[in-house]
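Just below is one structure, and these are the notes that go with it.
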Amino acid sequence: MTQKKIKLELKGITKFFGKKAVIDHLDLKVYEGELFAILGPSGTGKSTLLKIIVGIEEPDSGSVFLDGKDITNLPPNKRNIAMVFQSFALYPNMDVYRNIAFPLKIARFNKADIDKKVRSAAKLLGISEVLSSSVSKISGGQKQRVALARALVRDPSMFLLDEPFSNLDARVRFTAREELKRLQKKLNSTFIYVTHDQRETSNITSRVGVLNDGKFQQIDSFDNLYNFPQNKWVGDFIGNFPMSFIKKSDSISWGFRPEWASIHRGNLSAKLVTNELAGDINYWLCETKEGSMIVLRGNKPREVGSKISFKLNKYNIYKNGVFLKQGR
Ligand SMILES: Nc1ncnc2c1ncn2[C@@H]1O[C@H](COP(=O)(O)OP(=O)(O)O)[C@@H](O)[C@H]1O
Ligand SMILES: [Mg+2]
């Protein structure tokens, strides 16, 4: 197996705001050419972490390595890492062309080079026809592409995207995700993007880092986060519903997803509390006799209060705060 090259490495990053460590001894390796997602609820320090990588926030301790070089003390303009902000941060009084050209002008490129780079980035992102439009007149999706084009012309070492889809219409989000995936492949560059929405990670990345409490709780494929969460927090955060638990003894429970249970002639039972329809699937929120809430699923609503028998075809054995292995 060929060794993957590490593009970015964070070692023991800690960042305090007041007395609170928003980022707490965090480690991370991102590989060359990877599209890596950082997923976590609002306020968990995702933007702060990107700012530390790009150099506009300083960590209180820890180091940032790019291509094996310690860049912790380099100013942002010496790092050559592009960051696309959640707001896109375009200049409203400039047209699309001048927005994309701006960083090249600052870097004193000559006019001909600027023109070549702007047009080629615009072509790559499919915004050639709006180059002379005012940025206030273009759609959200086009604004995002302008912001990406502006990052791209600098030929950065890697890209950081903060909540890149959150300012887009729900309608265009899906295609925007596919486009980003394609762009990243085409550029063969390293991308990190941040989101609080797990749906934006399920079909896009090979690895997702789940951030909470200042640390990555788990770094894994989305499938593994869902099927083999390392701890209860991840099991609860990932998926449409928190993971369900059935107590087996004082220290051991079985954790499961709705589709891991079948509801015919089972040896377990629970009382239905609420029916919840999601598309054409019916979820039953039920209470076990120990009083914990679990989620089962079936093909139609049932009467509240009725007893539902089920059995588990698959479960994760949970002991003292961590999942041990999957049982059957
Ligand atoms: N410059 C700052 N000064 C003080 N507190 C901050 C600053 N930036 C962020 N915070 C706080 O740090 C926490 C993490 O913020 P942020 O990185 O923006 O989270 P996220 O991007 O995950 O929503 C929040 O509680 C936020 O209020
Ligand atoms: Mg943020």
Side-chain angles (χ1 to χ4, degrees), residues 8-30 35-64 66 71-77 79 81-90 140-141 143-144 147-148 150-151 156 158-170 173 176-177 180 190-202 204-205 207-220 222 225 229-231 233-239 242:
L8 176 86
E9 183 163 10
L10 304 178
K11 281 189 188 164
I13 297 287
T14 297
K15 177 72 185 175
F16 280 92
F17 286 126
K19 285 197 175 126
K20 190 179 173 345
V22 173
I23 305 290
D24 189 7
H25 294 90
L26 175 143
D27 295 324
L28 175 67
K29 285 179 187 147
V30 176
L35 176 55
F36 184 85
I38 297 176
L39 171 66
S42 290
T44 43
K46 303 182 296 299
S47 296
T48 302
L49 193 57
L50 291 191
K51 288 176 189 166
I52 288 171
I53 297 170
V54 82
I56 54 183
E57 283 281 8
E58 209 180 314
D60 291 303
S61 61
S63 312
V64 182
L66 184 69
I71 59 161
T72 318
N73 298 314
L74 281 188
N77 61 345
R79 297 188 183 198
I81 297 173
M83 179 155 168
V84 177
F85 292 89
Q86 188 169 355
S87 61
F88 309 139
L90 301 175
K143 280 185 190 145
Q144 187 194 46
L148 272 169
R150 189 177 56 183
M158 68 180 296
F159 293 84
L160 309 178
L161 278 58
D162 196 359
E163 308 259 5
F165 311 113
S166 63
N167 283 324
L168 302 181
D169 289 349
R173 264 184 218 172
R177 259 165 9 206
L180 177 64
T190 312
F191 278 62
I192 298 179
Y193 79 97
V194 150
T195 178
H196 65 274
D197 185 347
Q198 55 177 295
R199 288 170 302 179
E200 295 182 347
T201 66
S202 58
I204 198 164
T205 31
R207 289 199 309 152
V208 179
V210 185
L211 191 66
N212 195 48
D213 266 351
K215 278 195 180 70
F216 285 109
Q217 302 291 319
Q218 187 168 352
I219 297 175
D220 223 323
F222 188 82
L225 294 174
Q230 260 162 29
N231 58 38
W233 194 88
V234 175
D236 285 350
F237 182 65
I238 300 290

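All ligand and atom numbering here is 1-based and tracks the order in the structure. What you are looking at is a predicted structure, and each value in this text was computed from that prediction instead of being measured.
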Query - Name of the residue among D162, L49, V208 meeting side-chain contact (heavy atoms from CB on, under 4.5 Å) with I38 - result: L49
Query raised in the report: Any donor and acceptor pair, going by atom type alone, linking the side chain of K46 with main-chain N or O of L211 inside 3.5 Å?
Result: no
Report summary line: Taken to the nearest 0.5 Å, the spacing of I192 CD1 from L8 CG works out to 5.0 Å
Query raised in the report: Roughly how far apart are S63 OG and E9 CD, rounded to 0.5 Å?
Result: 9.5 Å
Query raised in the report: Roughly how far, to the nearest 0.5 Å, is CG of L161 from OG1 of T195?
Result: 11.0 Å
Report task. Measure the OG1-CD1 distance between T201 and I238 for me, rounded to the nearest 0.5 Å. Result -> 6.0 Å
Report task. Could you list which atoms of ligand 1 come closer than 4.0 Å to a heavy atom of S42? Result -> 23 (O)
Query raised in the report: Has ligand 1 got any nitrogen or oxygen that is less than 3.5 angstrom from a nitrogen or oxygen of S47?
Result: yes
Requested in this report: Tell me which part of T48 gets within contact of ligand 1: side chain, backbone, both or neither, using heavy atoms under 4.0 Å.
Outcome: both
Query - Heavy atom of the protein closest to atom 2 (C) of ligand 1 (residue, atom name, distance) - result: F17 CE2, 3.3 Å
Query raised in the report: Going by heavy atoms, is G45 under 4.0 Å from ligand 1?
Result: yes
Query raised in the report: Could an N or O of ligand 1 be found under 3.5 Å from any N or O of G43, whether backbone or side chain?
Result: yes
Query raised in the report: At what distance, to the nearest 0.5 angstrom, does CZ of F222 lie from CD of E200?
Result: 11.5 Å
Query raised in the report: How many angstroms lie between atom CG of L66 and atom CZ of R79, to the nearest 0.5 angstrom?
Result: 9.0 Å
Query - Protein contact for atom 11 (C) of ligand 1 (heavy atom, distance under 4.0 Å) - result: yes
Query raised in the report: Within 4.0 Å of atom 23 (O) of ligand 1 (strictly less), any protein heavy atom?
Result: yes
Query - Residues N231 and Q217: side-chain donor-acceptor under 3.5 angstrom - result: yes
Report task. Just say parallel, tilted or perpendicular for the rings of F191 and F159, cut-offs at 30° and 60°. Result -> parallel
Report summary line: One checks the Mg ion (ligand 2) and counts protein N, O or S atoms under 2.8 Å, reaching 1
